[in-house]
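Quantities reported herein were computed from a predicted structural model and do not represent experimental measurements. Here is the naming used below: chain letters follow the sequence lines, and residue numbers restart at 1 for every chain.
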Amino acid sequence: MLKTQELQLNIGPQHPSTHGVFRLIATIDGETVIDLKPVFGYLHRNHEQIAEVSTYIQIMPFTDRLDYFNSMANNFGYALAVEKLAGIEVPQRANYIRVLMAELTRILNHAAAIGFMLNDMGAWQTPLAFGMREREKILDLFEMASGARMMCNYFRFGGIWRDLPPEFLPQLQGLMQGLPTFFDEFERLLKQNEILLGRSVDVGILPKEVAASYSVTGPMLRASGIAYDLRRADGYSVYPELDFDIPVGAVGDVYDRFLVRLAEMRESYRILQQVIERLPETTGGHINPAMASMNKQKSLRPPPGDAYGRVESPKGELGFYLVSDGSDTPYRYKVRAPSFINLTPLGDMCRGHTVADVVVILGSIDIVMGEVDR
Amino acid sequence: MSTENRGKTYTVERGATKLRAGQGLGTGLGVVIKHFADAFTKKLDSPEKTSGVFTVQYPEERLPLAEAYRNFPILLYDDASGQELCTSCFQCQRICPPQVIHMAQAKDPATGKAIPAVSAFVIEYDACMSCGLCAEVCPFDAIKMDQEFELSTDYHSGLTVDKTDLNRPISFYEKLAPTFWGEVKDGALKKLQANIKRRPGELGIAPQMLGKVPTNPETAPLELRTTT
Amino acid sequence: MASWSTDDLKAALARDLPGVLAAYLPPQLSAPAEPRKKGAQAPVDLLSTQDALIHPHCIADVARYLRDTHSYTLLTNLTAVDYLRDNVIELVYHFARVDGGVLTVKTRVPREAPTLPSLAPTWPGADFQEREAYDLYGVIFQGHQNLRRIYMWDEFEGFPMRKDFPKQGDKYIGEGE
């Protein structure tokens, strides 16, 4: 038996495969990881404290910067929490447009997340370019509706900023025609690829019970076989009126996470089809008339109390816990960031794998440092 | 509402996970080669297409911007009279999330009273986050979002922009966003007319229009005015 | 089994774990406070709550009870809130079930000695969230294996999210800049 010595390996904070400014302290024995500790906080800007000195509407553009891939989903969660706190109704049409945006966000996030995960496996840029191409088309739609591609700031309390412009739906329908081709092609490109299989099957297994005890959410939890989807579990907004299935994985390895994301894109596509079909018949405007003016938005003073609003963001459960003391700024504002909590089991998942697998496992979690560090 | 009938839970199909002697690799390469070939013949110019070249040769070739596209805020003034729409009500300064808008209210030199015009207006473009809340809150439609995005510079202080550089004529904004301006045009001009009556002399006229437009005809010369 | 309401939770806790529920008595406003200035807000009793309020030393029991007996398997969220005026730090736990429903459990510790048992040994998902609460609020979780700062650097002094942490100035440079 060869005598070996443990070694501490520092990956990051500036490393191309760590998805931002993120550091991993790995204890390795040869190529095998014995222990791994994530270190972060390099991007910490105390978002929560900034929020405690801002009025409620001023926080909305800051939420865009949490998970900068999914600003619409972040807006959704925050708007939902404030609406719960202040008891604001949302008209049906606004709700449908919100769901439309949230599902487009899910498609673009998963397309990019799979692409980045493949980047981490060494398929440098080719699969990512496929995902990015679709993402660009969706960002064009966001720009048309909200005025910005990534930092949308589109949601308002009680509705959304503006109704969809007339050229939005034709372009969306064009995109919808192309999406199935994209899904099929993406699947053909990757699903049975030997290299992907070799790198991801039985890598980073997170068993069902362990995943639940780690409070993991989103595609990661579903890949472990637990059908926990807030769109079903909470049934917020108009999701109870929509048909969609919840894909879950059987093993809980990196390959299952990849497959669950692929399947979720198809489910989002189904939701989009239903939303587009129903959108012309929806009632109510794009915003609750009581909250329609910016004056109402900025002088919002919810009654004292607390509320926890959460949405199924593409990365998992995105929750906002708000405490109001009756003034125009929140007394406490807390973000339950899915990327942050999904990182907790990283050390456990990597144990026993090689250093090269660590990068793939990290890629399969799909983190965004803007949200982890807040 | 019952949710059971709205969807089910299913386990994703893992397929054959054993290596099959390059078969999957070949399928994947087929997709890549098809796209590679398409790149020479096709152009991806509408959303339903999924192959072809979709990059453009910026800056020679530019994609159109959406009407709603917003970058940094600008101030508007009336083309004909040169009067600024801003009345320094401080709404945008208060709502700005990163607090980059600063302004000072104009004062009547004769009486020292505040009048609805702005004497100094500064926006720090370097810290502006383009959220658009200022344009949304402005009750006089004086501050709007510009679509100019090529602002990179090696002169950092130049990104602290004052009123002279922020001012744009209404016709400029009307060209950028005809629908948006059409919605608010009548109200904005009506409010401007009311405000012009309370602006003596040159106050409220955009700096670049001074000398090109007559001073405010609605108000009498300074020495003739009675103090109110 | 349908998801619980707050009252169900309180009833179940009173039945199965006697003695964990803490009572909150609103402050006795004996004498009418001095007449408020016109326009000033009435002081709000931020501590009054409808949610289940438990004694801090019972949190691990309650968490285990909810998980093992009633399948609230996910510790979704863990938040600290600083009530400076009332001199308490409140810990808010959100427990979620896979088939829907979320329960709020609150507990309060004094600001000077914010100590309570950690959930991390039995519930590893609490690991980072407790470290966050320690980092930003200084709450000590007894039994946590690795209670170190998570966002701020290790040498940082003070707890930046506490309400009495200075919001202006730089502690290393001084008040001016």
Side-chain angles (χ1 to χ4, degrees), chain A residues 54-55 57-62 64 126 133 136-137 140 143-148 151 153 161-162 165 171-172 174-175 177-178 181-182 185 188-195 197-198 201 225 227 232 235 240-251 255-256 259-260 262-263 294-295 298, chain B residues 1-25 27-32 34-35 44 46-51 54 63 65-71 91 94-99 129-133 135-139 145 147 179-180:
Chain A
S54 309
T55 59
I57 189 66
Q58 278 181 337
I59 302 169
M60 189 65 86
F62 286 126
D64 291 340
T126 304
R133 185 192 66 218
E136 276 305 299
K137 293 182 195 166
D140 281 345
E143 184 181 352
M144 203 181 272
S146 74
M151 304 298 139
N153 187 19
W161 175 51
R162 286 179 79 91
Q171 184 149 350
L172 176 63
L175 173 82
Q177 281 175 33
T181 326
F182 162 67
E185 233 172 36
R188 257 210 328 280
L189 177 73
L190 299 171
K191 193 177 170 187
Q192 292 299 315
N193 186 301
E194 282 87 348
I195 300 172
L197 287 170
V201 172
R232 270 277 176 273
E241 301 168 20
L242 298 163
D243 296 320
F244 61 96
D245 299 337
I246 303 172
V248 295
V251 182
Y255 189 51
D256 263 345
L259 291 177
V260 163
L262 270 184
M294 197 61 204
N295 267 326
K298 77 174 162 85
Chain B
M1 186 186 284
S2 154
T3 54
E4 274 84 71
N5 55 355
R6 287 282 168 193
K8 59 185 190 311
T9 302
Y10 69 93
T11 309
V12 286
E13 193 58 55
R14 275 170 84 88
T17 51
K18 275 181 53 196
L19 308 183
R20 291 177 302 169
Q23 191 184 342
L25 211 63
T27 323
L29 268 178
V31 174
V32 176
K34 177 181 160 286
H35 278 271
L44 196 156
S46 64
E48 64 270 18
K49 294 183 188 163
T50 52
S51 67
F54 65 98
L63 295 170
L65 288 168
E67 184 184 347
Y69 173 70
R70 56 169 198 261
N71 197 27
Q91 297 271 23
R94 275 192 212 116
I95 204 166
C96 179
Q99 299 283 306
M129 60 194 233
S130 312
C131 64
L133 290 182
E136 217 174 312
V137 78
C138 183
M145 300 308 278
Q147 297 189 348
T179 340
F180 288 18

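Of the atoms belonging to A:Thr126, it is side-chain heavy atoms, and not backbone ones, that fall under 4.5 Å from chain B. Neither the backbone nor the side chain of B:Leu29 comes within less than 4.5 Å of any heavy atom in chain A. With a 4.5 Å cut-off on non-hydrogen atoms, B:Tyr69 touches chain A through its backbone and its side chain both. Using a 4.5 Å cut-off between heavy atoms, A:Asp140 makes no contact with chain B at all. Both the backbone and the side chain of A:Ile57 come within contact range of chain B, judged by heavy atoms closer than 4.5 Å. With a 4.5 angstrom heavy-atom cutoff, B:Glu136 touches chain A via backbone and side-chain atoms both. Residue contact with chain A, scored on non-hydrogen atoms closer than 4.5 Å, is absent for B:Cys138.
Contacts with chain B were tallied for A:Arg133, A:Met60, A:Lys137; A:Arg133 has the most, counting heavy-atom pairs under 4.5 Å. Contacts with chain B were tallied for A:Gln171, A:Glu185, A:Lys191; A:Glu185 has the most, counting heavy-atom pairs under 4.5 Å. Annotation: maximal heavy-atom pairing with chain A below 4.5 Å, among B:Val32, B:Thr27, B:Thr50, B:Leu25, occurs at B:Thr50. In terms of heavy-atom pairs under 4.5 angstrom with chain A, the leader among B:Thr179, B:Val31, B:Leu65, B:Asn71 is B:Val31. Taking chain B as the reference chain and counting heavy-atom pairs below 4.5 Å, the highest number among A:Met151, A:Met144, A:Glu143 is found for A:Glu143. For the set A:Leu262, A:Thr55, A:Leu190, A:Val251, the entry with the most heavy-atom pairs within less than 4.5 Å of chain B is A:Val251.
Taking both residues in full, the closest heavy atoms of B:Leu133 and A:Gln58 are given as CD1-CA, 4.3 Å, listed atom of the first, atom of the second, then distance. The two residues B:Pro98 and A:Phe62 make their nearest non-hydrogen contact at N-CZ, 4.4 Å. A:Ala263 approaches B:Val12 most closely through the heavy-atom pair CB-CG1, 3.8 Å. Taking each heavy atom of B:Thr11 and A:Gly249 in turn, the nearest pair found is CG2-C, 4.0 Å.
At least one donor-acceptor pair under 3.5 Å links the side chain of B:Arg70 to the backbone N or O of A:Ser146. Of the possible donor and acceptor atoms, one in the side chain of A:Asn153 sits under 3.5 Å from a partner among the backbone N and O of B:Cys131. Not a single donor-acceptor pair under 3.5 Å links the side chain of A:Arg188 to the backbone N or O of B:Gly28. A donor-acceptor contact shorter than 3.5 Å is absent between the side chain of A:Asp245 and the backbone of B:Thr9.
Between A:Pro165 and B:Glu67 the shortest side-chain heavy-atom distance does not fall below 4.5 Å. Residues A:Ile246 and B:Lys8 have side chains not in contact (no heavy-atom distance under 4.5 Å, counting atoms from C-beta outward).
Residue B:Ser46 holds its OG atom at 8.5 Å from CD of A:Gln177, rounded to the nearest 0.5 Å. Interatomic distance, A:Leu259 CG to B:Glu13 CD, rounded to the nearest 0.5 Å: 9.0 Å.
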